[in-house]
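Position 1 is the first residue of the sequence, and the numbers go up from there. Just so you know, these numbers use all the heavy atoms, side chains as well, and skip hydrogens, waters and symmetry mates.
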Amino acid sequence: MRKRTRCRPQPSAGWLCLGPALVLAGAALALASQARHKGVLLCFSGDARGYLVPCGCTKPMLGGMDRRGACLTKLRTSWQVVAVEGGDFVGGDGRQDELKARALLRMLGSLRYDAIGVGEKELGLGLERLMSLATASRVPFVSANIADAAGNPLFRSHVTVQRGTTGRRLTVAITSLLTPAAIEEAAVPTGEFTVTEPARAVSNVVRQTPAAHVRVLLFHGRLQEASKLARRVAGVHIILYAHGPDVPEPPIRAGGALLVYAGNRGKYLGLADLGRRDGKGASPRLLRYAPLSEGLGSDAAVQQIRRAYLDQVAKENLLGRLPRVPLPTGATYAGSEACVPCHAHAFAVWRKSSHSRAMHVLRQAHEDRDPECVPCHVTGMAYAGGYRPGDRHLESVGCESCHGPAAQHAKSASAPRPSRSGPEVCKGCHTADHSPAFRYEVYWNRVRHGPGH
């Protein structure tokens, strides 16, 4: 069981700090009890980086669009929700990233999101593909400072939505900015577009939305840049900044704005009470960062969209198109069964381990043709002669995943033995992102299978 974390310092008072193990489940969602007369709640997220589902072998795993959908459904029973995605929802610029981006946009549309900010990762897809995504999206893309090479705006500078009950309607303006520093840091080619000065761009939006009670800025820049902008430009009430750590950060007040960050990879959903018009202006208050854990359940429509995405990945055979590295001359894979005659005990230990069931886990989740998942669940996918779709003898994380191709040694004990495994071999799949609790000394004891190993 993970230890409960203490609340971090609270630069902005009046918010609830929750440990990562908190589970929001059932109809008695704690936040719902705080709503009176269906108050207006901002639900914000960003930096999803292509994570439609949580990925890894450490439990509990947080995140997933279907859990996000379940959380939003519960919240809407007690709140008027304004939902925004900060941007950088794309993980890369390949064909699978494009398919995943289209799936995520369909999911956000199904979940009734109100706006999507444009980040540098979206621009990295290239202008033609990005504009195709924006045209097909049911949720509007917004950016106040991205233009084409001729200076013409590429996206809507802002969107305005209204929430609330009769006589207490709240007008919310949502805009987005991308900093030149973010473009440079990501090394995105800038021949197809220009980025205008952020402060001037957001000031224009403030002037264009005089009736807005609350202005929300989706800001693709770091905390320091967001703080500087908030002190320079008046009229922005809440800023969702990007490029922070893996987990959410405490809210900070700067100028007249509340600065918030919900972490990355879609593990948390930020929740802020936007308040009501009271004659003194709006003062949003962060209520919590809700961890998207298993206890939330799932959203059926999101699951259906994801299944269609996986079917398309399989149809295009993206797994079979992965590049492969040649093996040294004479080296070939034999499969774990070939090790049994001389290493029966080691094979028995492996058979009882999670490694032997790695591909079964993917098959249950319909991810057994997903090139982002399969390489860490089979033997030798990255190499010529390694796993190919349908190769049963190289399914799952077999002996040769750690020790290397052993066909020659299996034929003759006098042939050189494959090299032994070690921490660096394990860390190829047990990365900090997917296996944050991985410790070689601890995990190795669970699969230790012979003298000297």
Looking at S396 and T379, what are the two nearest heavy atoms and their distance? O-OG1, 3.0 Å
Which pair of heavy atoms, one from A103 and one from Y309, lies closest together, and at what distance? CB-CB, 3.8 Å
Do the charged groups of D47 and R265 touch, with an N to O distance under 4.0 Å? no
The complete set of side-chain hydrogen bond (donor to acceptor under 3.5 Å, both in side chains) pairs with one or both residues in residues 350-359, sequence neighbours excluded, reads E337-R351
Using the rule given for side-chain contact (heavy atoms from CB on, under 4.5 Å), can you reason through K267 versus D246, listing the C-alpha separation, both sets of side-chain angles and the distance that settles it, and then say yes or no? CA-CA 9 Å; K267 296 180 180 180; D246 190 45; 3.0 Å; yes
Would R68 and S45 satisfy side-chain hydrogen bond (donor to acceptor under 3.5 Å, both in side chains), going step by step from the backbone distance to the final call? CA-CA 10 Å; R68 191 190 298 190; S45 49; 3.0 Å; yes
Measure the NE2-CZ distance between H158 and R156 for me, rounded to the nearest 0.5 Å. 8.0 Å
Return the minimal non-hydrogen interatomic distance between L310 and A365, and the atom names on each side. CD1-O, 4.0 Å
Which residues share a side-chain contact (heavy atoms from CB on, under 4.5 Å) with R129, sequence neighbours left out: D93, E98, L125
Count the heavy atoms of every other residue, nucleotide or ligand shown that sit under 6.0 Å from CD of Q304, and state whether that count exceeds 12. no
For H243, give me all partners under ring pair (Phe, Tyr, Trp, His ring centres under 6.0 Å), at least two apart in sequence or on another chain. H220
For side-chain contact (heavy atoms from CB on, under 4.5 Å), just list the numbers for V40 and D273, CA-CA rounded to whole Å, side-chain angles, deciding distance to a tenth of an Å, and then say yes or no. CA-CA 6 Å; V40 181; D273 185 353; 5.7 Å; no
How would you list, by chain and number, every residue that makes a side chain to side chain donor-acceptor pair (under 3.5 Å) with R369, sequence neighbours excluded? N317
Atom pair CZ/CG of R321 and L318 - distance to nearest 0.5 Å: 5.0 Å
Within the 4.5 Å heavy-atom criterion, are F155 and L130 side-chain neighbours or not? yes
Do L287 and L41 have side chains that get closer than 4.5 Å, going by heavy atoms? yes
Please list all pairs passing the disulfide bond (SG atoms under 2.5 Å apart) test where one or both residues lie in residues 354-383, with sequence neighbours left out. C376-C429
Separation of I239 CD1 from E225 CD (nearest 0.5 Å): 11.5 Å
Charged N to carboxylate O below 4.0 Å: is that the case for R306 and D299? no
Looking only at heavy atoms, which two atoms of Y113 and V139 are closest? And how far apart? O-CG1, 3.6 Å
Report yes if the side chains of L394 and R388 come closer than 4.5 Å at any heavy-atom pair, otherwise no. no
Sequence-distant partners of P153, side-chain contact (heavy atoms from CB on, under 4.5 Å), two or more places apart: none
For the CG atom of D88 and the CD atom of E122, what is their distance to the nearest 0.5 Å? 5.5 Å
Can you tell me which residue pairs pass the side-chain hydrogen bond (donor to acceptor under 3.5 Å, both in side chains) test with a partner in residues 134-151, sequence neighbours excluded? D148-N152
Indicate yes or no for a side-chain donor-acceptor contact from S132 to the backbone of E128 under 3.5 Å, with no hydrogens or angles considered. no
Residue list, ring pair (Phe, Tyr, Trp, His ring centres under 6.0 Å) with F438, at least two apart or on another chain: H430, Y443
Under 3.5 Å: donor-acceptor pair, side chain of T209, backbone of A212: no
Applying side-chain contact (heavy atoms from CB on, under 4.5 Å) to P375 and not counting sequence neighbours gives L322, M381
Looking at R363 and E395, is there a salt bridge between them, counting it only when a charged N and a carboxylate O are closer than 4.0 Å? yes
Side chain R215, main chain G235, donor-acceptor under 3.5 Å: yes
Main-chain N/O of G270 paired to Y289 side chain as donor or acceptor, under 3.5 Å: no
Hey, is the main chain of L170 close enough, under 3.5 Å, to the side chain of R163 for a donor-acceptor pair? no
What pairs with S110 under side chain to side chain donor-acceptor pair (under 3.5 Å), at least two apart in sequence or on another chain? none
Under the 3.5 angstrom rule, does the side chain of D114 hit a backbone N or O of A83 as a donor-acceptor pair? yes
Okay, side chain of S293, backbone of L62: is any donor-acceptor separation there less than 3.5 Å? no
Contact check, side chains of L52 and M107, non-hydrogen atoms, under 4.5 Å: yes
Should the pair K121-E185 be classified as a salt bridge under the 4.0 Å nitrogen-to-oxygen rule? no
In short, A234 meets V206 closest at the heavy-atom pair O-CG2, 3.8 Å
To check you understand the geometry: which heavy-atom pair defines the closest contact between V374 and L319, and what is its length? CB-CD1, 3.8 Å
Find the distance between CG (L229) and OG1 (T179) and round it off to the nearest 0.5 Å. 10.0 Å
For the side chain of S227 and the backbone of L223, is there at least one donor-acceptor N/O pair under 3.5 Å apart? no
Charged N to carboxylate O under 4.0 angstrom, K315 versus D311? no
Output yes when a side-chain donor or acceptor of S78 lies under 3.5 Å from a complementary backbone atom of L75, and no otherwise. no
Output for pair (L133 CG, M131 CE), nearest 0.5 Å, gives 10.0 Å
With Y241, which residues qualify under side chain to side chain donor-acceptor pair (under 3.5 Å), at least two apart? E249
Taking only residues two or more places apart in sequence, or in another chain, which ones meet D97 in a side chain to side chain donor-acceptor pair (under 3.5 Å)? none
Do H213 side-chain atoms and T171 backbone N/O form a donor-acceptor pair below 3.5 Å? yes
